[in-house]
Engineer: 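Before I ask anything, here is the structure I am working with.
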Protein chains: 2
Amino acid sequence: MFSQSCKYAIRAMFLIAQKSVEGKYTGIKDISEGLDAPQHFIAKILQELTKKGFLTSAKGPNGGFLVNQEQQKTTLLEIVYAFDGDKIITSCCLGLKDCSEKNPCPVHEEYKGIRKKMSHMLSNTLVSDYNDELGLRKLFLKVV
Amino acid sequence: MFSQSCKYAIRAMFLIAQKSVEGKYTGIKDISEGLDAPQHFIAKILQELTKKGFLTSAKGPNGGFLVNQEQQKTTLLEIVYAFDGDKIITSCCLGLKDCSEKNPCPVHEEYKGIRKKMSHMLSNTLVSDYNDELGLRKLFLKVV
DNA sequence: TTAATAAAAGATAAAAAGGTATTTTATTAT
DNA sequence: ATAATAAAATACCTTTTTATCTTTTATTAA
């Protein structure tokens, strides 16, 4: 479905978005522990998220990563596009190079519905949408 | 979504199922051309499908692969399970090792619906379901 | 019974994804 | 100024997936 990098990216954004409510930067170590994910790998992903403008970073003591007000409005679709491209939305599930109404694969029609649901979920979810539930530990970003 | 091997496997099963209506074996060369896929890679996949009982094979002149009456009833889900395991149905879309009602990720609830649709499509589609449309060139297994 | 055919098997290689380690640069607090 | 902190950058390594190539085995038809 999503690449490992993309999954970590989404989870990291949810986590940092929630932590950012208090206005403080969160360090890589806290983030990788909060996601139960390899620290150096996460570091690389956070750099990409920063470069693409989804995160704000600060070096030095008290530094780390932050999701500012504007960045809280990032959708999951934007993150997925940045890491995995548009294949989740556009590509044929049986791998045809150009599967369309004119050249449909056997499951083309039925897969449309699945793609639509996925697309809807990704474009309608903001990284801020679960800040409260995550804070209240009703939702999780790792197995506890 | 599915691995490349799995996509080729499903397309190969659709193709051989349709060709098998005439009762003749179809050779690897015809199959790889019919799918626009690398011949040796397809060969390996067909061997796996044969070993797992989804296909019948015959060596020598007039040999090749065939989907018999019983094998025509194979579902896409069986093929997917054989190549990619059950992760498409069971695993968390954000990569949590154990995402469940007790430890749900932020998109757990919404993803359920997508998973259900996918599961329904895979378990309700037989490799024989599109024999007619494929024969009439209303559906395709490669870009024409 | 032999030559042609075609799948089966095995070895290898190329590419992509996932992950680790080290060094460099910038910031802050003392 | 300087020592500590933490992200940025770079290089490298491992595993998995995808793909190719070669040899072997089985079958059939002449």
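What you see below is based on every heavy atom in this structure, not just the backbone, and it leaves out hydrogens, waters and symmetry mates. Letters go in sequence order (proteins before strands), and every chain restarts at 1.
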Engineer: Does the side chain of A/Gln18 come under 3.5 Å of the side chain of A/Asp132 through a donor N or O and an acceptor N or O?
Structural biologist: no

Engineer: Check whether the ring centres of B/Tyr130 and B/Phe14 lie less than 6.0 Å apart, and answer yes or no.
Structural biologist: yes

Engineer: As a test of reading the structure: which of D/dA29, C/dG19, D/dC21 is closest to the side chain of A/Gln4, going by heavy atoms?
Structural biologist: C/dG19

Engineer: With a 4.0 Å cut-off on heavy atoms, is A/Ala43 in touch with a base, just the backbone sugar-phosphate, or nothing at all?
Structural biologist: nothing

Engineer: Rounded to whole Å, how long is the line connecting atom CG of A/Leu49 with atom C1' of D/dA8?
Structural biologist: 14 Å

Engineer: Give a yes-or-no answer on whether the side chains of B/Asn124 and A/Glu110 include a donor-acceptor pair shorter than 3.5 Å.
Structural biologist: no

Engineer: Would you mind reading off the bend of the helix from C/dT1-D/dA30 to C/dT30-D/dA1 from its two end axes, five pairs each, to 10 degrees?
Structural biologist: 0°

Engineer: Nearest-Å distance, CZ (A/Phe2) to P (C/dG18)?
Structural biologist: 13 Å

Engineer: I want to check something: taking the side chain as every heavy atom from C-beta on, are B/Tyr25 and B/Asn62 in contact at a cut-off of under 4.5 Å?
Structural biologist: no

Engineer: Within the 4.0 Å heavy-atom criterion, would you say B/Lys29 contacts the bases, only the backbone, or no part of the nucleic acid?
Structural biologist: nothing

Engineer: What is the nucleic acid contact for B/Ile28, judged by heavy atoms within less than 4.0 Å: base, sugar-phosphate only, or nothing?
Structural biologist: sugar-phosphate

Engineer: Quick one: is A/Asn62 getting a side-chain N or O under 4.0 Å of the C/dT27 phosphate, OP1 or OP2?
Structural biologist: no

Engineer: For B/Glu109, check side-chain hydrogen bond (donor to acceptor under 3.5 Å, both in side chains) against everything at least two apart and list the hits.
Structural biologist: B/Lys112

Engineer: Within the modelled atom types, does a donor on one side and an acceptor on the other bring the side chain of A/Lys44 and the base of D/dT10 under 3.5 Å apart?
Structural biologist: no

Engineer: Can you tell me which nucleotide in C/dT5, D/dA7, D/dT18 comes closest to the side chain of B/Pro61?
Structural biologist: C/dT5

Engineer: Rounded to whole Å, please give me the gap between CG in B/Leu35 and P in D/dA19.
Structural biologist: 13 Å

Engineer: Touch check for A/Lys7, heavy atoms < 4.0 angstrom, all strands: base, sugar-phosphate only, or nothing?
Structural biologist: nothing

Engineer: Closest to the B/Gln47 side chain: C/dA4, C/dA9, C/dG19?
Structural biologist: C/dA9

Engineer: Grab the CD1-P distance between A/Ile42 and C/dG18 for me, whole Å please.
Structural biologist: 12 Å

Engineer: Under 4.0 Å between a side-chain N/O of A/Ser57 and OP1 or OP2 of D/dA8, yes or no?
Structural biologist: yes

Engineer: A/Phe65 side chain: which of D/dA8, D/dA26, D/dA19 is closest?
Structural biologist: D/dA8

Engineer: Flag the pair A/Phe41 / A/Tyr8 as yes when their ring centroid distance falls below 6.0 Å, and as no otherwise.
Structural biologist: yes

Engineer: Select base, sugar-phosphate, or nothing to describe what A/Phe83 touches, counting heavy atoms under 4.0 Å on all strands.
Structural biologist: nothing

Engineer: Would you say a side-chain N or O of B/Thr50 is under 4.0 Å from OP1 or OP2 of C/dA7?
Structural biologist: no

Engineer: Starting at CG of A/Asp84 and ending at C1' of C/dG18, how long is that distance when rounded to a whole Å?
Structural biologist: 13 Å

Engineer: Atom NZ of A/Lys87 and atom C1' of C/dA16: how far apart are they, to the nearest Å?
Structural biologist: 11 Å

Engineer: Could you tell me the separation between the CG atom of A/Leu55 and the C1' atom of D/dA8, rounded to a whole number of Å?
Structural biologist: 14 Å

Engineer: Could you give the NE2-to-C1' distance, from A/His40 to D/dT10, as a whole number of Å?
Structural biologist: 12 Å

Engineer: By the rule that ILVMFWY residues connect when side-chain heavy atoms come within less than 4.5 angstrom, directly or transitively, which residues belong alongside A/Val144?
Structural biologist: A/Phe140

Engineer: Ignoring the backbone of B/Phe41, work out which of D/dT18, D/dA29, C/dT28 is nearest its side chain.
Structural biologist: D/dT18

Engineer: Is A/Lys7 positioned over the aromatic face of A/Phe83, cation under 6.0 angstrom from the ring centre and no more than 45 degrees off axis?
Structural biologist: no

Engineer: I want to confirm an ordering. Mapping B/Thr26 and A/Gly60 to their closest nucleotides on DNA chain C, which one lands closer to the 5' end?
Structural biologist: B/Thr26

Engineer: Which residue in the set A/Ile45, A/Ile42, A/Leu141 passes side-chain contact (heavy atoms from CB on, under 4.5 Å) when paired with A/Ile31?
Structural biologist: A/Ile42

Engineer: With DNA chain D as reference, determine whether B/Lys59 or A/Gly27 sits nearer its 5' end, using the nearest nucleotide of each.
Structural biologist: A/Gly27

